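Down below is the structure, laid out as structure tokens.
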Amino acid sequence: MAINLETNEERLSPSTPPQAPQSPRSPQSTNPGGGGAWRTVLREHSVYFALAALVVFNLIVTPGFSNPFAARSLLFEAAPIVLIALGQNLAIATRGIDLSVGSVMALASASVAVFLPYGIGPALVGSVAVGALVGLWNGFLVAVLAIDPLISGLALLVAARGLAQALLGGSRVNLPDAPAFDLLGAGTVGPVPIIMLIALALAAVVAFVVRRTTFGRYAILVGASRGAAFLAGIPVRRTLFLVYAVSGTLAGLAGLFASSRLGASDPNYVGVNFELDAIAASVIGGTPLSGGRISIVGAVFGVLLLQVLDASFIMNNISFTYAQILKAVFIVVALYLQRSGA
Amino acid sequence: MTTSAATSSATPRAVLETRGVSRTFGVVRALRDVSLTLRAGEVHGLVGENGAGKSTLIKVLTGFHQPDTGALTLDGKSVTFDSPRGAQNAGVCAVYQEINLIPERSVADNIFLCHEPKRFGVLVDRKRMLERAAEIVQRYRLSVDPAARLGSLGLGAQQMVSLARGVSLGARVLILDEPTSALSSAEVDVLFDVVDRLRAEGIALLFVSHRLSECYRLCDRFTVMRDGAVVRTGTPEELPRAALIAAMLGRESSGEHAWTERSGSADTADAAPALAVDRLQWGNRVRDVSLKVARKEIVGLAGLLGSGRTETFKTIFGAQKADAGDVDIAGRALTHATPARSIARGLAFLSEDRRSEGIFPRLSVGENIVASLLPRISRFGFISRAKEAQVVREAIERLGIKTAGPNALITTLSGGNQQKALIARCLSTQPTVLLLDDPTRGIDVGAKEEVHRVVQELARDGLAVVVTSSEMEELLALTDRLVVLNEGATQGGMPTAGANPDDVLAVLAGDANDSRDVSATRDVGATRNPAGADKA
Amino acid sequence: MANVTSSNADPTAAPAANRRAQLIALVQSRGAIAMLVVVALIAGGVFPDFLRPSNLADIVSNSAFLGLVAVGQSLVIILGGFDLSVGSMVGLGTVIAAYAAPYGWGAAMLAPVAAGFVIGIGNGLLIARARMAPFIVTLAALLGLKGLALVLASQDLLIANPGFFTRIANGSIFGISNLIWVLVVVYGLGAVLLNHTRFGAAIFAIGGNEEAARMLGVRVERVKVLAYGLSGALAGLSGALLASHLDSGLSAAGTGYELQSIAAAVIGGVLLTGGVGTMAGPLAGVLLLGVIDNVINQVGTLSPYYQNLASGAFLLAAVIVQTVLTGRRGAARAGGGKAARRSAAAPARS
Amino acid sequence: ASAYAQDSGAQKVQSNSNETCTIAKPGGKKLSDMVVGFSQSENEQNPFRATETASVRAAAKAAGVKRLLYTNANANQAKQVADIESMINQGAEALIVAPNDSTGLQPAFAQARAKGIPVVTIDRQTAGTVCDDFITFLGSDFYKQGERAAKALADATGGKAVIAEIQGGYGNTVESQRTDGFANGLKAYPNMKIAAAQTANWSTTEAQKVMEQILLAHPDVNAVYTHADTMTVGAITALRQAGKLKGVTIVSIDGTKEIVNGIAQGTVAADVETNPRFGPLAFKSLEDYLAGKPVPQKQIMDDALFDKTNAKQSLAAGKVY
Ligand SMILES: Nc1ncnc2c1ncn2[C@@H]1O[C@H](COP(=O)(O)OP(=O)(O)OP(=O)(O)O)[C@@H](O)[C@H]1O
Ligand SMILES: Nc1ncnc2c1ncn2[C@@H]1O[C@H](COP(=O)(O)OP(=O)(O)OP(=O)(O)O)[C@@H](O)[C@H]1O
Ligand SMILES: [Mg+2]
Ligand SMILES: [Mg+2]
């Protein structure tokens, strides 16, 4: 019988002693002094402040950023990542992780081309269904076979992309002009892409599910303590299974969105390293990797933050090499500021 | 019983002292202006309600927390410990309330972590380490294999390993934070034996316990804490039981042992018992368990440490799959049991391992309380906020959980209040059968009374209760009858009316003698005759 | 791990349960080795060229680079963390070695190791002191170090004066490649470090229960920082040897090592939850990955997409076998099922 | 030498170096009783790689080799060394290598040399001693490709343009030579300015995003140079979505069907060919070498330049891939 599970599993996250929780919910954790209060607010909402600061900076410095098309283009890029960040957040809340999402996007993208001969409808549905299938398989591995999600995700990350490439013989396949793809790939309402609206609507649904449904609560309870959840009669396996299935399905949808945007099925480049962006966005948005907590709104803003960051490098023509270093520094500093002062 | 024989005449030398120590966590003032003196060759008792600040004080003494204000002196010299390591090196060691060892490592590894015997100056001498561990284990009559994985031992045995470690470090100040809460009375005797020996060796000891009888048996001096401050100090003579309790609670109490006698109103006439267990088996830990509990009855499951009480509960509850045997609830068989199914059928189970199987850290008190109830306060999967809030409010009120509010984090509560929240979780599903594994472990006198009151009320209202406790007196007072468990098998029972602990031990001893388990015999022998056991 | 039965243990106590527990422990620690042998034998049966000594030697020597990284990675995982930065560090290591090579082979070997150590310490400080999540810190390092390597070497750097430095990785002693010697020595030292030093005991303790380790007097911060430092240094060493092997500094070298080394460790029975692991296991894991690559080459006609599919499937199969054999499955239900039985099956009190 | 299936897209050699390699003692071995190994460097996600492998496979069949071994290093230099070693262990007697990098094949070459195995390197040049490490290099001149692209772009824009350059993956000689060659080619045209240069990692997807954002930051961009057709596809999508496809002149490198089609339709100005059909020439070089004939150390391809004058014919003749 393992004791002290909770500290044992702090590993994915900052190792705060369990007696010293730093939760926004704890009344004790707010500093009594007036000076500390605003600092706490700043820290807990750092992702919003950081995004605001970055946007202001870009508006002043970056040529073309104030162009409404800049926002539009950013939102197009961000929509698929928002979707996979949603699934990722659920997985992280259960103290897991889903590394397969980027490759699942590629597989879904390849599936669009594979199902196209049967019509546009089957292509749309089929690609998302393939994502769901991979998610179910991942869920089976994690929930039933109790494989560590990091490893099952890693194996799927490699295998799903291989499968995607094998399906299309490694090549990119252009999608035909069809209203459905045009709508997803280029349609906007005002400056906001339709796919972003869909992603936001799904984010709202997930946020509601997390807050108000048993499934959402189960996910958090399972993440907070697996052992306690089991004894409290919570359907641990079913919850885990569902979480990964949802994550896979959302990744499938993200793959469809990305393909529509590209006007092509691209098994090679769709979703490469997106899992890392989704994880980073979640953490920056306030969902700790050690589970038991979740912040959907934070994750959405985390995704936007990283997208704006990428865009500011490209638009200022900062060489990729330096951009990568700067991005790394930015992530570390952002998270450091979130932690310190606690 | 050993008492402060040598210490009453001259005041012994002060070893570790605190002066005016304060410590706050956010808005909680866990310690205020605490001054305490630990003397060589003296056992100092630290008592107080749950959340009084005892554990926090200890963590300050061992360098785990730094005091906000105040100072520590060791041998008259001012010191600061920046980490438990620093304290350990200065000879201040602690056996913490929540067992803090490494479950995946061996007993010997745990005992010698950070002070392993070495070879060639750098390499760990494993052979010598195992030998020395075996020596220590034998000297303190711990029946554990030094090479065994610590996690494979029961909590009690782990507690003893923790103690063995403190001793092997050659500490000058040894702090024991509720060391007995997981021990059975036999083990407690071994522990006390050790403590007596250490006292004779001139070591300064700090002893924390919610079992006042133990405190009186062992301590030379008391410090009473309330709300983070020291309210009284004095010798046992100066502070008799009633005064001590009054000081702890800040009011008069009905007294520690005023257990309400059970009226014995069990519904034994019922056609089907509320819970019937027949020849239950699970691996080699639960070998043959049968018991029947009627509505309104409180049955105690008595046994030595490691006799399989916890495993029995878990098997009944479906947390582990029985290999054989039947469980009936109100006459209907419970098949393919899982916790969820058991709960739906009216069972409720409270684990003895609060930390890893009880609380959901990071979540609020409210969320902790309703965890098992979610299917019932939701419709089509949507949780009803109003019902949730109502359940939580009622539970906090009913059990008197001390919390800043339903949204406070469970980890900010003291151990006893966490326990109450977990009991509230069990009760929330309105069970017909309650399985309580050591429900009063680590909770204070006042809270204990409340738990007893609640349990007895529930039984009066028609529940069937099965309960264990590491305190035999408590078990006798609380229950209608006992079922004795030995090595995973039930061995008949006895009514508790008029019985005393020795009677139970006699039953246990008799059974143990029949079996070939020498350790059980030895443990019981130790209880009755420590001196004789010494020679054994 | 040492499973010495002490004099205190009663040999007759629950022998069956004991044996089962020992069996499980054996599978956990030696399963990867058994799997390696089985896969190698099958491969040898199907592809006659596979078992040629020169082929086997090449597999081992080519595994050295990932192998060194896997040693550090395993230490960090046992400690309860990750190091995702190792792959980029290998690439940066080759570049640094190429820059240092004109100052002699000693500089070319030492500079990458020192750089890796310093960078690892940096990771460690952020993780242990600032208490940031290892996943994120080392992920950022992965990005940053890759960028740094590219800044230093936007093109491939040919090592100017090859000489002795390039013979280090390509030479042999007693007919056995130097790389194999290095691999053996590093794994040997790793095993001693892990099982026979206080540092190793502290690593296990922190991975098993960090809070407890701190209370028991382990200098948690220091050990963590040092472990990440070691991981970085070993990645640097791997980079130096790779530069010596390939005669050049390649910023893209080592890409993907982070995940491969984690996979090797897990196949080798290191638990991702920390606190459990050996050195022999990960070595077997690395060699298994090498064998898979080699077998895919022997098939010859497999397109690269199927290679990905095959290695993903293999990784999964290996982990499933591990999980099923060790009965860790119950862990998902924590407190129930086989996991609990496993603990119950441990040596009984005597 | 026409034992190999010839197609209209076959490579033509533009220049042979004067220096040659000749086998020391021709052993009279014939390709038809030999095991030949082909080490591909990168994933066949790129039509270039796929065509290259197909070409080598077809030529091997045509030459009637006993067995063709195939490995793919997945862009991992250390793996390529291991791959080549494993093929030698499987009994390869001749090797065709598409190096992943400009350096780093030394240990593999050393093993081949020790066993007297001739090596032909194709498409990317790599460090090594000619005739010892490899007998010949077949491929394009990437630097020159960059220069030709610059000239083509200048011709198409009349020598005045604001250029966005979309580069290949960093840390790779192909990328750096195409960058440098282009920059050098532009020196002759003072009115041609590079406004932004960003990598898109050879990826269509990334190229689309990069192009989009460059257009926002530099609305005045009216010319695009990309290092590969894969990325041109993404750039075109971005330009179309921004409604700028008409006003922007595009020059690319590779010569894939998709882009040459674009030339025919008027979306793309020019495409510098990189011919991946190395199979026939590689086997011919091996054959000659084994027969004791001198083989030129460097055989640089005569790359076509596709523009609106020849796009339709090239497509019809199947010259593009
Ligand atoms: N890290 C912490 N953060 C916030 N509050 C804390 C922390 N540690 C302790 N407290 C609070 O300090 C008070 C004292 O707690 P402590 O654990 O010392 O009590 P105790 O006397 O040991 O109680 P028990 O008998 O239940 O163990 C409690 O109100 C507790 O909630
Ligand atoms: N002799 C033993 N051998 C193996 N495991 C043991 C032994 N004693 C106890 N345990 C372990 O300790 C845990 C609790 O033990 P068990 O249920 O048998 O005892 P208990 O009577 O409830 O004692 P406790 O007072 O410690 O709760 C179980 O996980 C069990 O596996
Ligand atoms: Mg306490
Ligand atoms: Mg128990």
Side-chain angles (χ1 to χ4, degrees), chain B residues 62 64 83-85 87-89 94 96 99-106 108-110 112-116 118-119 122-124 126-127 130-131 133-134 137-138 143-149 151-153 157 165 282-285 306 311 314 318-321 338-339 351 353 356-357 518-519, chain C residues 1-10 12-14 16-17 21 25 192-193 195-202 204-222 271 273-276 330 333-350:
Chain B
T62 57
F64 189 82
S83 67
R85 183 188 183 82
Q88 203 166 290
N89 288 345
Y96 294 97
I99 296 165
N100 269 295
L101 294 172
I102 321 293
E104 289 292 349
R105 301 299 280 166
S106 74
D109 282 328
N110 272 288
F112 287 103
L113 185 64
C114 282
H115 62 113
E116 295 91 349
K118 284 195 181 173
R119 230 169 1 144
V122 282
L123 298 185
V124 171
R126 294 210 150 262
K127 192 156 154 274
L130 279 167
E131 282 166 11
V137 159
Q138 224 137 39
S143 31
V144 295
D145 173 1
R149 208 173 57 92
S152 70
L153 306 178
R165 175 186 165 81
W282 182 80
N284 61 346
R285 307 278 305 129
E311 314 291 22
K314 284 193 170 173
Q320 51 201 27
K321 201 171 159 294
T338 61
S351 168
D353 192 348
S356 65
E357 298 184 342
V518 273
S519 74
Chain C
M1 260 169 298
N3 239 334
V4 196
T5 18
S6 90
S7 52
N8 200 29
D10 180 356
T12 59
V192 170
L193 185 75
N195 296 316
H196 298 283
T197 65
R198 272 191 193 174
F199 182 68
F204 277 116
I206 295 171
N209 184 343
E210 181 174 334
E211 201 60 19
R214 183 171 287 121
M215 295 218 190
L216 296 179
V218 174
R219 278 183 279 221
V220 174
E221 272 81 35
R222 187 188 292 198
L271 283 193
T273 39
V276 177
R333 313 173 19 167
K338 292 188 184 164
R341 202 169 295 221
R342 176 169 178 266
S343 46
R349 7 153 83 189
S350 52

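Predicted, not measured: the structure shown is a model, and the values here were computed from it. The figures here come from the full heavy-atom set of this structure, side chains too, leaving out hydrogens, waters and symmetry mates. Quick note on labels: first sequence line is chain A, next is B, and so on, each numbered from 1.
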I'd like to verify something: which residue of [options] has the highest number of heavy-atom pairs under 4.5 Å with chain B?
{"options": "C/Arg198, C/His196, C/Arg219", "answer": "C/Arg198"}
{"options": "C/Leu193, C/Leu216, C/Thr197", "answer": "C/Leu216"}
{"options": "C/Ala213, C/Gly200, C/Ala205, C/Ala202", "answer": "C/Ala205"}

Chain C contact via B/Gln88 - side chain, backbone, both or neither, heavy atoms under 4.5 Å: side chain
Under-4.0 Å salt bridge between C/Glu211 and C/Arg214: yes
Carboxylate-amine/guanidinium proximity below 4.0 Å for B/Asp109 and B/Arg149: no
Least distance between heavy atoms, B/Leu101 atom then B/Asn110 atom: CB-OD1, 3.5 Å
Closest non-hydrogen atom pair, B/Ser106 against B/Ala147: CB-O, 3.7 Å
Main-chain N/O of B/Leu113 paired to B/Arg165 side chain as donor or acceptor, under 3.5 Å: yes
Greatest number of heavy atom pairs closer than 4.5 Å to chain C - which of B/Ala87, B/Ala108, B/Ser83, B/Cys114: B/Cys114
Chain B contact via C/Val192 - which portion, at a heavy-atom distance below 4.5 Å: side chain
